[in-house]
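Note that the coordinates shown come from a computational prediction; the quantities given were computed from them, not determined experimentally. Below, chain A is the first sequence line, B the second, and so on; all start at residue 1.
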2 protein chains.
Amino acid sequence: MSEEARTPTPRPGGRSARVRADVVAATLAEVTERAYDGLTVDAIAARSGVHKATLYRRWGGVDGLVADALTASADQPWPLPDTGDLATDLRRITYEVYSVFTDPELGPTPTALIAAAQRSDIGATALRAFFAARHRQAAAVATRAVERGELPPSTDGSEVVRAATAPLYYRLFVSGEPLDTRAAEQAADVAALAARAGLFTTPGAD
Amino acid sequence: MSEEARTPTPRPGGRSARVRADVVAATLAEVTERAYDGLTVDAIAARSGVHKATLYRRWGGVDGLVADALTASADQPWPLPDTGDLATDLRRITYEVYSVFTDPELGPTPTALIAAAQRSDIGATALRAFFAARHRQAAAVATRAVERGELPPSTDGSEVVRAATAPLYYRLFVSGEPLDTRAAEQAADVAALAARAGLFTTPGAD
């Protein structure tokens, strides 16, 4: 048994963190190539060079591996615009979502990962945390708009970001309607307009 | 072989239509109880009383059965509000979506059906047609708002309805965040505000 196997608590930057990074990378590659139904712990073990027994012990199996890959993705920093105008910032954010998911190189991995996460309870929990983290992180564009006086003080920034991006994810993962730049801009503009009108203020605040 | 088996073209109201109704009902019951992974043509045959060979011939298999159940659901009329005010009409529509999907009796069937349709190409095609049909049908609330002078003449009614309902489906089927009446009302109000501001007009029209 390896050193890592006797050290269940991940140490950032240490061997455990490196093992996790290798396993996450292998899970992402496998889910992209084979989708959820083709995922096996064996293939992820072979691809990552991490022993199968370690994968089962630390991640429990395929669903735990998918969930952790999503958690690791949520921790990745996203480029956050700061153009001085809320609508423009939101257009940058929705354009980024559009660009990533419709890019033939970049799109298949997050698409497959989100679809795979929907297939288990642990994946669904990670998915919810993933989107909540993204909304919270990008909420800074709304916070800055509040500071500029562009939005009411009690605006919930996560709600603004959710409103701007939800129509894109709806097309990508629910209705299957095509996603184009016009739909991305429209979603940003609708959210910015509603935010300025105070539709995303926290009830009871102010 | 039954009469129906030699009559591949469905005749509305005839034996073929009754067979389809039985098969759709059985598919909906099975997908609700067992979800996509538990669906079998055998069980749908047993439940509907329609011969397995007929199911394979007319529907091709489980994916075709799921797709047709969705197509049949798209043909079901939805109650369409006509309160004389766009925001109120849209609130009624989003409240209806909220009510159906969060109801412990009513919710599981459409939830399971949509999740199952996402699992095959033929299901995804039916899903896209299903949502497009719903948007088109409910677009009447925007058309009436145009007639009342509440919205710009070139408003795309399907876009208004999509904008009002997308945030609900995003919560239900993508982010997994809880759906409550406040979120349903907010989505309707955001769409109504944006529609009045002309954000859903057809480019090049007017």
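Each of Ala195(B), Ala194(B), Ala197(B) has some count of heavy-atom pairs under 4.5 Å with chain A, and the biggest count is that of Ala194(B).
You'll find the side chain of Arg171(A) stays beyond 4.5 Å of the side chain of Arg128(B), heavy atoms only.
The minimum heavy-atom distance between Arg119(A) and Asp37(B), with the atom names listed, is NH2-OD2, 3.6 Å. Taking every heavy atom of both residues into account, Pro167(B) and Ala166(A) meet most closely at CA-CB, 4.2 Å.
Annotation for Asp121(A): atom CG does not count as buried by contact number, only 12 or fewer foreign heavy atoms lying within 6.0 Å. For Arg92(A), the CZ atom is loosely surrounded, since the number of other residues' heavy atoms within 6.0 Å does not exceed 12.
The CG atom of Leu193(B) lies 9.5 Å from the CZ atom of Arg196(A); values are rounded to the nearest 0.5 Å. Summarising the geometry, atom CD belonging to Glu177(B) is positioned 5.0 Å from atom NE2 belonging to His135(A); distances are rounded to the nearest 0.5 Å.
Aromatic rings from Tyr170(B) and Phe173(A) are positioned such that their centres are separated by 6.0 Å or more.
Looking at Gln186(A), its side chain never comes within 3.5 Å of a backbone N or O of Phe200(B) through a donor-acceptor pair.
Residue contact with chain B, scored on non-hydrogen atoms closer than 4.5 Å, is absent for Arg134(A). Only the side chain of Gln118(A) comes within less than 4.5 Å of a heavy atom of chain B; its backbone N, CA, C and O stay farther away.
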